[in-house]
Every structure is written in structure tokens, then in C-alpha cells.
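Accompanying notes for the structure given below.
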Amino acid sequence: MDIYNEIARLNPRQKEAVLHTEGPLLILAGAGSGKTRVITMRTAYLLHSGAPASSVLAVTFTNKAAREMKGRVSAMLKGPKNKGPVISTFHSTCLNILRKEIERLGYRKDFTIYDTSDQLSLLRGLLNDVKFYDKSFKVENVLERISRSKNDMPSPKNSVRSKEDDIDIFAGALYPKYLEALKTLNALDFDDLLLLALKLFREHPDVLDKYRDRFRYIMVDEYQDTNRVQYDFIRLLAGERKNLCVVGDDDQSIYGWRGANLGNILDFEKDFPGTAVVRLEQNYRSFGNILLAANGVIRNNRKRMGKALWTEKENGPEVKVFKAADSEAEAKWVADRIMQLKYEKKLSYEDFAVIYRANLFSRQFEEALRRERLPYSVVGGTSYFEHREIKDLASYLKIIANPLDDHSLLRITNTPKRGLGPSAIIRLSDFARDNSLSLLEALDRAGEITGLGEKAAGSAQRFAALIGKYGELFAGNKGMGGILKDLTEEINYRDHICALYKTPGAAMKRLENIEGFVESLSYYEKDNESPSLHGFLETLALTDMEKEKEEKNGGGITLISFHSSKGLEFPVVFIVGVEEDILPHKKSVYQDGGLEEERRLFYVGITRAMKELHITYCGRRLKYKKDEPCNPSRFLEEIPEEVIKRIEGIEATSPDEEEEAAREFFSNIKKIIGA
């Protein structure tokens, strides 16, 4: 592939971004503006111009985006996979640094990574230790406050920003205990991957100099979504050279609730004097009327750098705005409209998306689609990684990889049953604590424990020997899928699952999950040049972290929230429930910047549409078991009237002729297909 021919095909602004390689660069990439093509081309151009592959670091937010970018760069350069630049997520980048350097911070290199369920389980244990039994107190809320505090980077003694409620106070008190427990277990959570890498750079200048010298060209995608820790990490790494290119869209900053700082992109020119700014405004995704609607909405935000999307495509159909009598009528109209468009325009079900404010709004639409026998999938269901059997087997692998991981060991000590009940576990745990041992070491020395029966002690020692045996087998990093299969057979794990799930169908599904997990380990080993058990567990943890964004339960019409829809596109989009108190959310009015983030959320939804956009709201909606009147969202008034076609629902006295024809059309369709 001739890189210069490819660059010649870019539009002028895209070309400018690709060819600017020295000094700070801010690429403001509007929705659908070919951002991925630009940053991929820029990476390839850097390498073609003589930059060593190992000196180029491109940071993305998801493994999926990293894989796509790696594939594109490799195709452009036609080089071996191992000769490409470093393209990975923030978490993977920091993880790779910590694997080499974390001993400087007092951890062992064989640390494990705790996912959300591991963190929640650990916190519940800490709550039990302090004898806290208030059932109304959700541990998920405590974890959320701790995570937010970690990303704001206070010290453990000053961990909560403001004591607004009991959860803040309790999270502040529990925070140092939580950190201490993680370190004792030689474990990190996702926040730690970033925080400890930053701490490493700050406290060990020689380490920082080492990575500054290595990474001479840095690119960061989705920069508007970075938080304080990520900002400080990148700024330190860029150093005095400042060959830093950030790509993002301030108009698509929608993750403030989880710590993203819009100021990072708005203040980039101030933070990096001499910054070149390139605006990518030509949109290749959507018809003109959709972009006019998006521009009309977003221009009302004050905190933005300013740009206007445009396209060479035709204007396309007007934006349909439908007022339904209630939520059931809204869902029925969406289902009927999908049927009509599918048959009229010969579309597939996968061409349609229904976007809502939160997953709780999916029920009415699921019911309406089921009634019409229309296939659909909901983004954000139960993760494969959350199933009991996957968590159990992952815990076996974690304790094999990290003998200090008492938390993972506790999950499986009696799974399957091996005669180590609660009283035996208490004695083993007490012995470990009193003798400054890990729980695994206590199992191995169970014969020394007073009050522990001979049978239980023998079982504990056999279990410790089992973990040691498989630790040696996995240490060879070969045939790991087969080794895991042998482990499941040796502990009779399949029999354990069949006993738990009595019905054949339920048990079969779980057994298939076990087979899939074994296969995933074999596939990982085959797909990596230097496989290891730690590497597999890291892949597992980092993939699970982004499950909400990427998971889909099958084919058909996509039901999805605004937040999960970012980065996706669909020929036909229905944005539903566009009412005051829903969009914008009623709490946003009282939060600093909240209303503008809600407007950005709506903008993201609009710009997912390629060919047709439908927006719906209700005259009445059931709220808290009461039928309440609804008002259309203030954002609807910001869409230019000339691009809108308003449609009244069935309750109107003079129904639109088009709607009468549409009802007759899909009534006939139902007769034809026998619905």
C-alpha cells in the first residue's frame, strides 16, 4: 500500500492532521468524521517517516478499538505483528509498566487484578469485620465513592471530597482498610492500574525517564473521556518533548458521572502552549437533516470549542418527532414503524436501534417487539464473566498465579465440597492471621492447627497440594487449556455443577460455559507469542471491564442506552422518552454542568443515525406507580423546525394521513405473515 496515495485521498483537514507529527496537536474529531482512519494513517505515516515502531504509543479506551487500529496499521505497513507500534488501552499500558516495575512500590510482580465482583466481595468482608449489618446500605454505593475518590487522587486519610451523606463518611473510613487489604492480597483493582503507574512515575524519576526515552510519539484517542489520573499520567510521559497528539470531541463528553474531565480537552491549548488545532467537521455517516438537528441542539452548550458538522450527502428525510398518548402507545408505534420500514425499504432488523436514557426503559419496547414477533437484543445483559462457573474457575487460576490471593482462595476452598465448612475456614483464617501467613500456607500447615479435625486438616493439606501441583504445571506456559481441563476433571467440577442445576437445560448451559472457558484459554495460548497464566488473567479482567460497552445478546433490533451507543452507528435510529425529567434527567438541572452533559448525551444519540431519525415522547407516563402528565424535552425546541416532521399519536382528533396509511400497511403485513 502506497502511504502517500492513501494520504492524497484524505480531505484537507484530515491530511493536515496526518502530516503534523512534531509538537502538541489537538484533533477535534466530530461524529462520523473519519477519526479512526486519520489516527491510523497518522501512525502509519510516523513509521513510514522513520520513527521506530517501539517509540510510538497510541492509547485508546477499549481493547476493541485497539485491536481494530492494530489491524489497520498492520495492513497499511504489511509488516510482522511484533514490529508494530504499541497500541493499547490506558489500563493495558499501565499494566505492562507495572508488571516490570511494581516491586519498587512494595508489591510482587505476580499480582492479580480484581474485577468489580471481587471488589464487592472484599468490601462485604470488611463490612463484616467492622460488624456493620445495615441491609439498606448498598456496598455498590460504597465502592462507587471509593473509586471516584481514588480517581480524584486524595490521600487515604482524606479520601472523600465532601461529607455529603452517610455513604461518603463510611467510604472515607473504609478506604484505607480497603487499600491495606488489597496490598496484603497482592492484588490491584482497575483504578490501581492507573494510580500506581502514576505513583511510580512520580516517585521514581529514573523509571519515568526510561519510558519517556522510549515513547517519543504519543497519541491519545477519546481524550474528552480522560480523568485526572489519566491526564497526569500522559502529561508526565510527554515530558519536555511534548510530541503529544490527542483526538477527541468535546461535544461527545458524556462520562462526567464516572470521573471524565471535560476540562482536559477544553484546556489542552493552555496546558500545551503552541498546540496546533485541527477540526474534522465533514461527516461521512449521516444525511444532512440529521446533522442540522445535531448542530441545532449542541450549539446551545457554552462549554465547547465550537464546530459544525456538514456532509456532501443529500438532506434525506425529515426528522420524525412522534407524540404518543403513553409509554405503551410509544412502544407500539416504534414496533409498527420498524415493521413498515423493514418491508418498504428492504432493511434488515440489525439496521434498527432504539436508544433510551437508561436500561430500565427497555421493558415496554421488549414487550412490544415480542408481541410483533420481532427479533431484538439488549446491550448490557448479564456478562459471561459473571456466571458462577466462570468466577469459580477464574478463582482457581488466580490463586495458582498468585499464592497470596486469599480472597480468591476463600471462594473455592469448599467448591466443590471437600469438608472445609465455615468453622474450618475460620480456624484456618485465624491461624493464618496469627502466624502472618497467607491462607494457602495455612492450608498446607493445617495439621498444626488446634481444634481442626483430622479429616478437615487432611482435606486442607490435599487442597494446598493440588494448588501447588497445578502451579508447577501452569508455570511451563504450554498446553494451558488442557491443564485447566484436567483440573476441572480432578476436582469433579462438572458433577458439582450438575448437582447445583437440577434441570438438564440449565446444567447443559453451564457445562457449555465451562467448555468455552477452557477453549478461550487454549485460544489465548495459540494467539500469543509469549503466553502465560498471568497474561490470560489480565486479558480476562480487561475484557470484562468493558463488557457493558461491547456486549450484545444476539442479532436483531438493538435496544441500547445513550452511553452504550457511543461509537456505534445504525441506518435507522429511534430515540425514545425524550421528556423533561428523563432527558434532561431531573437531577442534572441542579448539578454544575449537568444540563450541558445531558444535551451532549442527546447529541450523541442523534449522531448515531445514518439515514433516518425518529424521536418520541409521551403525553403521560407511569412514574412510581402513578400515571403522570409529561412535557416534551426542552432539547426538542432546539432542533430547527425546518428539519422536523411532527406526528401526533392515535389520540389526536385529526390523524395524519401518512399515519393512517401506515397503520393500514402494517395491518396488511400482519395478515400476510400470519402475526
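Along the sequence shown, the residues carry numbers beginning at 1.
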Just wondering, do [Y] and [X] contact through their side chains at under 4.5 Å, heavy atoms?
X    : Y    : result
L521 : V518 : no
I467 : L443 : no
P85  : V73  : yes
F431 : L437 : yes
R67  : K64  : yes
N261 : R228 : no
K509 : Y501 : no
D118 : K398 : yes

For E441, which residues count as a salt bridge (charged side-chain N to carboxylate O under 4.0 Å, His left out) partner, sequence neighbours excluded?
none
[X] (side chain) donor-acceptor with [Y] (main chain) under 3.5 angstrom:
X    : Y    : value
S395 : K391 : yes
D232 : V229 : no
N402 : N186 : yes
R202 : L236 : no
H563 : Y255 : no
Y493 : L487 : no
S459 : R418 : yes
R510 : R494 : no
N414 : L420 : yes
H496 : T415 : no

Could you tell me if [Y] and [X] have a donor-acceptor pair between their side chains, going purely by distance under 3.5 Å?
X    : Y    : answer
D405 : Y114 : yes
Q119 : Y178 : yes
Y211 : E101 : yes

Closest approach of [X] and [Y], non-hydrogen atoms and distance?
X    : Y    : answer
Y524 : S530 : OH-O, 4.4 Å
L194 : Q230 : CD1-NE2, 3.7 Å
I265 : G248 : CD1-C, 3.8 Å
R108 : P403 : NH2-CD, 3.9 Å
L428 : I449 : CD2-CD1, 3.5 Å
I491 : L466 : CG2-CD2, 3.7 Å

What residues, two or more places apart in sequence or in another chain, satisfy side-chain contact (heavy atoms from CB on, under 4.5 Å) together with [X]?
X    : result
K455 : none
E597 : W257, R600
K199 : L105, L196, E203
S55  : A51, P52, R216, Y217

Give the ring-plane orientation class for F463 versus Y396, where under 30° counts as parallel, over 60° as perpendicular and anything between as tilted.
perpendicular
Show the numbers, then the answer: is there a side-chain contact (heavy atoms from CB on, under 4.5 Å) between I560 and L568?
CA-CA 11 Å; I560 191 169; L568 304 178; 3.6 Å; yes
Other residues, nucleotides and ligands only: do more than 12 of their heavy atoms fall within 6.0 Å of [atom1] on [X]?
X    : atom1 : answer
R214 : CZ    : yes
K485 : NZ    : no
E140 : CD    : yes

side-chain hydrogen bond (donor to acceptor under 3.5 Å, both in side chains) with [X]: which residues, sequence neighbours excluded?
X    : answer
E144 : none
T226 : N264
S92  : T89

Measuring from [X]:[atom1] to [Y]:[atom2], what's the distance to the nearest 0.5 Å?
X    : Y    : atom1 : atom2 : value
T488 : D495 : OG1   : CG    : 10.5 Å
K70  : N63  : NZ    : CG    : 8.0 Å
R462 : K469 : CZ    : NZ    : 13.5 Å

In this structure, is the centre-to-centre distance between the rings of F190 and F90 below 6.0 Å?
no
side-chain contact (heavy atoms from CB on, under 4.5 Å) for T60 and I39? Distances and angles first, verdict last.
CA-CA 11 Å; T60 70; I39 57 179; 5.9 Å; no
If the condition is ring-ring contact (aromatic ring centres under 6.0 Å, His included), which residues does [X] pass it with, not counting sequence neighbours?
X    : result
H204 : none
Y107 : none
F474 : none

Can you pull out every side chain to side chain donor-acceptor pair (under 3.5 Å) where at least one residue sits in residues 425-434? Sequence neighbours excluded, please.
D430-R433
The single option from I102, N96, I97, L95 passing side chain to side chain contact (heavy atoms under 4.5 Å, CB included) against R99
L95
Tested for side chain to side chain contact (heavy atoms under 4.5 Å, CB included) against Y470, the lone hit among I399, L397, D486 is D486
Go through the steps to decide whether K150 and D189 satisfy the test side-chain contact (heavy atoms from CB on, under 4.5 Å), and finish with yes or no.
CA-CA 11 Å; K150 290 177 88 169; D189 62 23; 2.8 Å; yes
Could you please spell out the steps behind the side-chain contact (heavy atoms from CB on, under 4.5 Å) verdict for Y223 and V247?
CA-CA 6 Å; Y223 191 69; V247 188; over 6 Å; no
